[in-house]
Undergrad: 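One structure is given below, represented as structure tokens, and several questions about it will come after.
Each chain gets a letter, A, B and so on, in the order its sequence line appears, and its residues count up from 1.
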There are 2 protein chains.
Amino acid sequence: MTTSTEENYLKSIYHLSVGHPNPVLTSEIADSLTTSSASVTDMLKKLSEKNLIEYERYKGVRITRKGERVALSIIRRHRLWEVFLTDVLKFRWDEVHEMAEELEHVSSDELVSRLDAFLGYPKVDPHGDPIPDTNGKLFPSGSLSLAEAQTAQKYQVSGVSDHSAGFLQFLQKKGLMPGVLFSVKEIDEFDKSMYLLFEDNSGTFISHEIAKNILMKLYVNS
Amino acid sequence: MTTSTEENYLKSIYHLSVGHPNPVLTSEIADSLTTSSASVTDMLKKLSEKNLIEYERYKGVRITRKGERVALSIIRRHRLWEVFLTDVLKFRWDEVHEMAEELEHVSSDELVSRLDAFLGYPKVDPHGDPIPDTNGKLFPSGSLSLAEAQTAQKYQVSGVSDHSAGFLQFLQKKGLMPGVLFSVKEIDEFDKSMYLLFEDNSGTFISHEIAKNILMKLYVNS
DNA sequence: ATAATATTTTAGAGTAATCTAAATTAATTA
DNA sequence: TAATTAATTTAGATTACTCTAAAATATTAT
């Protein structure tokens, strides 16, 4: 039905679309897949032919319902395999992306749904990104950036917006993985750097640039 | 290094080689991969160029040490994924082949070795085929065909030589999966059909044609 | 509003895999 | 051994994806 290459283009278009009302540009897709704009144009014609995107030349693309369904199913597979790799095979969260990029193209739907069941129907992947359900529905995460945190509130790390291995290793070292509880002791008024306090009263210092790429939620005792 | 297509050719050549001293013929490979002889010839040139096979035109091919190493590493992955699919995700043994055909091309060696450890270092796949170790070593199975079984001996089913879903479902129905213990109550002298007796004193009838495709070992109480 | 710049598309070609049909080589049989 | 048949290889095309360089279109800046 769809080749892995088509799937990768759709995934990229989906990610570039989400939260951006304007059409996605050829050059953005080319950058995100590190390929040439000429190749992208070719593929856009093919995807448009299959009604997976709406494409008007020189005007960029919008993903269709149908294309979104395909993209979300690949994203579902990717994130479920990431959970498998960290929770079952004990890989670190900064190691799993490349492997999941390959595994996500294994086509059996039955395999994915059994994997989901075996993993206990996880809601998020190791980076805190939500896992779409079989129908392509995504739980709204309600996350905000750590850069918006205030003192005298309790928060929980819920994800990251930079998925690079280096960034993830840095957060690991700082103890800032999804699930971790913290409060903000102090925010520097000049450079907006923060001192975070953990449950065990240890703490760590975080720059504003780093904070912008960490996602969190208000934590309420339930 | 090697594409999945190359890997599939190497696997096929390896399987056709094993136990046959003569070179493998172009047409045999074409049959086993359901492709044209012309395509096979093209690929043989490429594999020969990479020193994965020894190829002399019109004379067939022999796999090299290097080619065998690659083939065995793919077979190792295939069989480990089959164990994962049956033992962990609870698929039936007649369902796992197609999925393993895709999973075997996922390239991470670290993934394979962690999967191996997670599965408890299995020695055989769900069909009784031995799993090569990291160095490409295969345990000699010491299996023989059920067609050679004699009365007044205790045997254990150790594998199959026909891997088709239909055959596997038939054996499932008959209760003849790897591991099952049985003895031969009677062999018909005309058509060589057999009546097998299980541990629980139930029994089943097996034709000679079927028996030829079932592998077994002498069972000795240890 | 027109010129300069940036982006996108087309044109033409390359690689990896595939096919059919024709030509070549090997094997079989008379 | 020569002729027929079978197997294999070559030739020429096709599909999916890729590229660079040139042409077309859009954006921006004066």
Undergrad: In terms of side-chain heavy atoms of Leu25(A), which of dT18(C), dT20(C), dT8(C) is nearest?
TA: dT8(C)

Undergrad: OP1 or OP2 of dT10(D) sitting under 4.0 Å from any side-chain N/O of Lys45(B)?
TA: yes

Undergrad: With no hydrogens and no angle check, do the side chains of Ser108(A) and Glu98(B) hold a donor and an acceptor under 3.5 Å apart?
TA: no

Undergrad: Phosphate oxygens OP1/OP2 of dT8(C): is one of them under 4.0 Å from a side-chain N or O of Tyr55(A)?
TA: no

Undergrad: Which nucleotide, dT18(D), dA17(C), dC19(C), lies nearest any side-chain atom of Lys46(B)?
TA: dA17(C)

Undergrad: Roughly how many Å is it from NZ in Lys59(A) to C1' in dA26(D), rounded to a whole number?
TA: 10 Å

Undergrad: Can you tell me if CD on Glu148(A) sees more than 12 non-hydrogen neighbours from other groups inside 6.0 Å?
TA: yes

Undergrad: Choose from dT9(D), dT10(C), dC19(C) the nucleotide whose nearest atom is closest to any side-chain atom of Thr35(B).
TA: dC19(C)

Undergrad: Roughly, in whole Å, what's the span from CG in Leu33(B) to P in dA16(C)?
TA: 19 Å

Undergrad: Looking for any heavy atom pair under 4.0 Å, which part of the strands does Thr5(A) touch: base, sugar-phosphate only, or nothing?
TA: sugar-phosphate

Undergrad: Please pick, from dT18(D), dT8(C), dA17(C), the nucleotide with the shortest atom-to-atom distance to any side-chain atom of Ser39(A).
TA: dT18(D)

Undergrad: Taking for each residue the nucleotide of DNA chain D with the nearest heavy atom, is it Thr3(A) or Ala38(A) whose nucleotide lies nearer the 5' end?
TA: Thr3(A)

Undergrad: CZ of Arg57(A) versus C1' of dT27(D): gap in Å, rounded?
TA: 17 Å

Undergrad: Counting only heavy atoms from other residues, nucleotides and ligands, does the tally under 6.0 Å from NZ of Lys66(A) exceed 12?
TA: yes

Undergrad: Apply the side-chain contact (heavy atoms from CB on, under 4.5 Å) test between Leu10(A) and each candidate in Ile74(A), Leu72(A), Leu52(A); give the one that qualifies.
TA: Leu52(A)

Undergrad: Tell me: NZ of Lys50(B) to C1' of dT15(C), nearest whole Å?
TA: 12 Å

Undergrad: Considering the options His78(A), His97(A), His163(A), which one meets the ring pair (Phe, Tyr, Trp, His ring centres under 6.0 Å) requirement together with His127(A)?
TA: His163(A)

Undergrad: Rounded to whole angstroms, how far apart are CG on Leu44(A) and P on dT9(C)?
TA: 7 Å

Undergrad: Give the rounded distance in Å between these two atoms: CE of Met43(A) and P of dC19(D).
TA: 11 Å

Undergrad: Check the distance between dA17(C)'s C1' and His105(B)'s NE2 and give it to me in whole angstrom.
TA: 14 Å

Undergrad: Is Tyr9(B) close enough to dT18(C) that one of its side-chain N or O atoms is under 4.0 Å from OP1 or OP2 there?
TA: yes

Undergrad: Any chance the side chains of Glu104(A) and Trp81(A) put a donor and an acceptor closer than 3.5 Å?
TA: no

Undergrad: Write down the distance between CD (Glu56(A)) and C1' (dT8(C)), rounded to a whole number of angstrom.
TA: 14 Å

Undergrad: Side chain of Asp42(A) only, heavy atoms from C-beta on: which candidate in dT18(D), dT10(D), dA17(C) is closest?
TA: dT18(D)

Undergrad: Answer yes or no: side-chain N or O of Tyr58(B) and base N or O of dT24(C) forming a donor-acceptor pair under 3.5 Å.
TA: yes

Undergrad: Does Ser36(A) have a side-chain nitrogen or oxygen under 4.0 Å from the phosphate oxygens OP1 or OP2 of dC19(D)?
TA: yes

Undergrad: For Ser27(A), report the nucleic acid contact type (base, sugar-phosphate, nothing); a contact means any heavy atom under 4.0 Å.
TA: sugar-phosphate

Undergrad: Over all strands shown, is Thr26(B) touching base, sugar-phosphate only, or nothing at heavy-atom distances under 4.0 angstrom?
TA: sugar-phosphate

